[in-house]
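Report on one structure; see the data block that follows.
Start at 1 and go down the list; that is how both ligands and their atoms are numbered. The residues of the chain are indexed from 1 along the displayed sequence. Every value quoted in this text rests on a predicted model; they were computed, and no experiment measured them.
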Amino acid sequence: MANDNSVADALRARGISRRGFMKFCAATASLMALPPSMVPRIAAALEQARRPSVIWLSFQECTGCTESLTRSHSPTVEGLIFDAISLDYHHTLQAASGAAAEAAREAAMQENWGKYILVVDGSVPVANPGYSTIAGVSNTDMLLETAAGAAAIISVGSCAAFGGIPHASPNPTGALPVYSFLQQYGDRTPQTLSRVAYGERADVRSIPLINVPGCPPIPVVITGVLAHFLTFGVVPELDALRRPMAFYGKSIHDRCYRRPFYDKGLFAESFDDEGAKKGWCLYKLGCKGPTTYNACATTKWNEGTSFPIESGHPCLGCSEPDFWDGGGFYKAISTPVDSLSRSAVYAIGAGAAAGVALGALNRAKRGRLEKTHSKVGIDDLEKGN
Ligand code: SF4
Ligand code: SF4
Ligand code: F3S
């Protein structure tokens, strides 16, 4: 809770030199897709910025989002940012447990009411408050009471952003994404409010909320969003699904290194055919890259090592709503995916596979092409076809 120091003070205390600090600012600018000319402004802002208190709540989740964040090697931008904030409460990472842990959350709320950042991973069960509780408090109450004093809310992972696995059909727990929950139930008074009302309660429906989806999300995307808020004190530009444009503004397909094969109509037909060995496009093996918006193709994973498509696996569309119910991970998408680009025209002209230009063809033509569209199901894979 030591957020009386500025971010720069905290970094200096760790032995980070001025040069290291400027490198940190440059990395932060790069993370947020800002031009190098913004580096001095970021440095000036971080010299002044107080270390914000961050309260991280985990509801119906698998811990994968936290695992993602902690799977980075030190020293990293992630590490620096997490030294630059005051992570006051995180079920998985904190040493305290039980009453001491809850006391830490309440103390952080009391000291920073109206100023802390609330991070949530996991969805919120509304079918029965008993489905998921922490220290005897239902997720619904804990979210309502903690959100009431937050300056901003970040929904980390597809479970928090869109409901994720718990929300998949038939959604037995009535799982809701954080944003939907707050919009629907935000006017309710949590039963436990008397314990932790430390100031005027904000209307939780109007608190800025950023979705950082992915199953799990890319660690540097999580930290990039935090860095943006830390630096500028406002949420970054968001798309219609409340995702930061800097990271989710372009599709995987737009930036995929296999795109030239797609444009030429060269597709792997199975995971062990010649096309797969040559690194051809994975569209026919179910790749959802054309309809998935995320930064994997450029940021990559494991310190820029690779991402699913580079490892030979189609994108599952994990940063999109309801990707679990999307009709099959290994089935080629058969809905319109793209405008008819010049290269796609080339692909059609070359007699390439049918899926290439569905988005720009008329319905009749599309139906005819879909009939010839090779689809690969999980059974085919298990048979080794
Ligand atoms: Fe786990 Fe994925 Fe949900 Fe994160 S988004 S909690 S990794 S299931
Ligand atoms: Fe890459 Fe998938 Fe697009 Fe092919 S369909 S270019 S593998 S994103
Ligand atoms: Fe998810 Fe697709 Fe990236 S499955 S990890 S959005 S390549």
Numbered atoms of ligand 2 (with element) below 4.0 Å of Arg259, judged on heavy atoms: 6 (S)

Any pair counted as side chain to side chain donor-acceptor pair (under 3.5 Å), so long as it reaches residues 160-172, sequence neighbours left out: His167-Asp322

Quick one: nearest non-hydrogen protein atom to atom 3 (Fe) of ligand 3, plus distance? Cys296 SG, 2.3 Å

Any N/O/S atom from Cys281 (main chain or side chain) under 2.8 Å of atom 4 (Fe) of ligand 2? yes

Looking at ligand 1, would Gly122 count as a contact under a 4.0 Å heavy-atom criterion? no

Between Lys300 and Glu310, does any NZ, NE, NH1 or NH2 come within less than 4.0 Å of an OD or OE carboxylate oxygen? yes

Is a donor on one side and an acceptor on the other found under 3.5 Å between the side chain of Thr133 and the backbone of Gly136? no

Contact atoms of ligand 3, heavy-atom distance to Leu316 under 4.0 Å: 2 (Fe), 4 (S)

Has Cys65 got an N/O/S atom less than 2.8 Å from atom 4 (Fe) of ligand 1? yes

Note: Arg243-Glu237 ion pair, threshold 4.0 Å (strictly below): no

Has Thr292 got any heavy atom lying under 4.0 angstrom from an atom of ligand 3? yes

If you have a sec, work out which protein heavy atom is nearest atom 2 (Fe) of ligand 1 and how many Å separate them, to one decimal? Cys215 SG, 2.3 Å

Which ligand 1 atoms are under 4.0 Å away from a heavy-atom of Pro216? 7 (S)

What do you reckon, are the aromatic ring centroids of Tyr262 and Tyr283 less than 6.0 Å apart? yes

Can you tell whether the side chains of Lys277 and Asp273 come within less than 4.0 Å, N to carboxylate O? no

If we set the cut-off at 4.0 Å for heavy atoms, which region of Pro308 has an atom near ligand 3: side chain, backbone, both, or neither? side chain

Atom CZ of Arg41: over 12 foreign heavy atoms under 6.0 Å: no

What's the shortest distance from atom 1 (Fe) of ligand 1 to any protein heavy atom, and which residue and atom give it? Cys62 SG, 2.3 Å

When you measure from the heavy atoms of Ile165 to every atom of ligand 1, does any distance fall below 4.0 Å? yes

Sub-6.0 Å ring centroid separation between Phe329 and Trp324: yes

Give me the nearest non-hydrogen protein atom to atom 3 (Fe) of ligand 2 as residue plus atom name, then the distance to 0.1 Å. His253 ND1, 2.2 Å

Does Gly214 have a non-hydrogen atom less than 4.0 Å from ligand 1? yes

Which bit of Ile218 is near ligand 3, meaning a heavy atom under 4.0 Å away: side chain, backbone, both or neither? neither

List ligand 2 atoms under 4.0 Å from Gly289, heavy atoms only on the residue side. 8 (S)

Look at atom 7 (S) of ligand 2 and say which protein heavy atom is nearest, naming residue and atom and giving the distance to 0.1 Å. Leu282 N, 3.4 Å

Which bit of Cys318 is near ligand 3, meaning a heavy atom under 4.0 Å away: side chain, backbone, both or neither? both

Who's the nearest protein heavy-atom neighbour of atom 5 (S) of ligand 1, and how far? Ser158 N, 3.3 Å

Closest protein heavy atom to atom 2 (Fe) of ligand 3, given as residue, atom name and distance to 0.1 Å: Cys315 SG, 2.3 Å

